[in-house]
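Both counts, for ligands and for their atoms, begin at 1 and track the order of listing.
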Amino acid sequence: MAKKVTFDRRPLIAGNWKMNLNHLEAISLTQKVAISLTEEQLDLVEVAVIPPFTDLRSVQTLVDGDKLLLVYGAQDLSPFDSGAYTGDISGAMLAKLGCTYVVIGHSERREYHNEDDALVNAKVKAAFKHGLTPILCVGEGLSVREESQHVSHCTSQLDAALAKIPAEQVKDIVVAYEPVWAIGTGKVASPEDAQEVCAAIRARLAEKYSPEIADGIRILYGGSVKAKSVAGIMAQPDVDGALVGGASIDADEFATIARFPEHATAS
Ligand SMILES: O=C[C@H](O)COP(=O)(O)O
């Protein structure tokens, strides 16, 4: 019989759909994921879907109406509360849509929208102001890794993103380590690679705030996570979940990822 798994921090499996699926497809995928997981599985592991903005109202209606045990969030937010910022979406709007999470500082935003550390910091502040939990992404590109500068690169991004964020807010943050060379490439970091940087992030949080705060913060790994690779990554002591891209828009694959505690005990 499989032994019962327990965790120091409740794992989070978050599916970042990126720019995929319209609102009708969003309903279908969210429903499929929810019915694929039992109440017990969803109690052990928190499961979040992170669809495009245009899907959020449909996901909200579904989750509320059917009392699904999933949570959801957005892929970005404006650093501003309201005003003449064409195309942007405020934290207040996301909060009104029942979002729990908002992804901030994803490498695709840093690269394609030239988001710098100061903007990432402003967005983290905006998220907390509106009661949203940031999933703050940090991660190095291939050249930085090849120069063995990945740890200092990620901790510098962390420092900048958390400038003037007080302890009472930071205790709720989620940090995602996403090596850019592993995103959408099928090249998953080894469990040891993920552990090295996640442990360094936790150590930096302990230094900046306190060991107690650092011990309570969830640190995710993201980059080509699939059902077959998730258990090894999740077995690492400082990895508390996964930010899943491509595999999150396949309901069966994503639900299998969310059931990772069972893969770990099955053998
Ligand atoms: O936010 C998710 C990450 O960018 C990982 O994406 P991926 O699983 O498609 O590599």
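Where the criterion is an N or O separation shorter than 3.5 Å, residue side chain and backbone included, K226 fails it with respect to ligand 1. Where the criterion is an N or O separation shorter than 3.5 Å, residue side chain and backbone included, G245 meets it with respect to ligand 1. Residue T185 has no nitrogen or oxygen atom sitting less than 3.5 Å from a nitrogen or oxygen atom of ligand 1, judged on distance alone. Between E108 and ligand 1, a contact under 3.5 Å exists for no N or O pair.
A heavy-atom distance below 4.5 Å is found between the side chains of P134 and F128. In this structure the side chain of I50 never reaches within 4.5 angstrom of the side chain of W17, judged on heavy atoms.
Residue E178 has at least one heavy-atom neighbour below 4.0 Å for each of these atoms of ligand 1: 1 (O), 2 (C), 3 (C), 4 (O), 5 (C). When each atom of ligand 1 is checked for a heavy atom of N16 under 4.0 Å away, the hits are 1 (O), 2 (C). Residue-ligand proximity, A182 to ligand 1, at heavy-atom distances under 4.0 Å covers atoms 10 (O). Residue S224 approaches ligand 1 through these ligand atoms, each under 4.0 Å from one of its heavy atoms: 7 (P), 8 (O), 10 (O).
Distances from ligand 1 to the non-hydrogen atoms of A247 include no value under 4.0 Å.
For R109 and E115, the salt-bridge test passes: some basic side-chain N is under 4.0 Å from an acidic carboxylate O.
Annotation: atom 6 (O) of ligand 1 to nearest protein heavy atom, K18 NZ, 3.2 Å.
The closest side-chain donor-acceptor pair between E46 and Y101 falls under 3.5 angstrom. Side chain to side chain, D193 and S190 meet the donor-acceptor criterion of an N or O pair below 3.5 Å.
Remark: the backbone N or O of V144 is not paired with any side-chain donor or acceptor of E147 at under 3.5 angstrom.
Residue G184 holds the heavy atom nearest to atom 10 (O) of ligand 1 of all those in A242, G184, G222. Residue nearest to atom 9 (O) of ligand 1, selected from G246, G186, A176, C137: G246 (by heavy-atom distance).
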Please list, one pair per line, the donor and acceptor atoms closer than 3.5 Å that link side chains of residues 174-185 to other protein atoms, with sequence neighbours excluded.
from : atom 1 : to   : atom 2 : distance (Å)
Y177 : OH     : E140 : OE1    : 3.0
Y177 : OH     : E140 : OE2    : 3.0
Y177 : OH     : R145 : NH2    : 3.1
E178 : OE1    : H106 : NE2    : 3.0
W181 : NE1    : E140 : OE2    : 2.8
T185 : OG1    : W181 : O      : 2.9
T185 : OG1    : A182 : O      : 3.4
T185 : OG1    : K187 : N      : 3.1

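Hydrophobic cluster membership of L119, counting Ile, Leu, Val, Met, Phe, Trp and Tyr whose side-chain heavy atoms lie under 4.5 Å apart directly or via other members: none, as it forms a cluster of its own.
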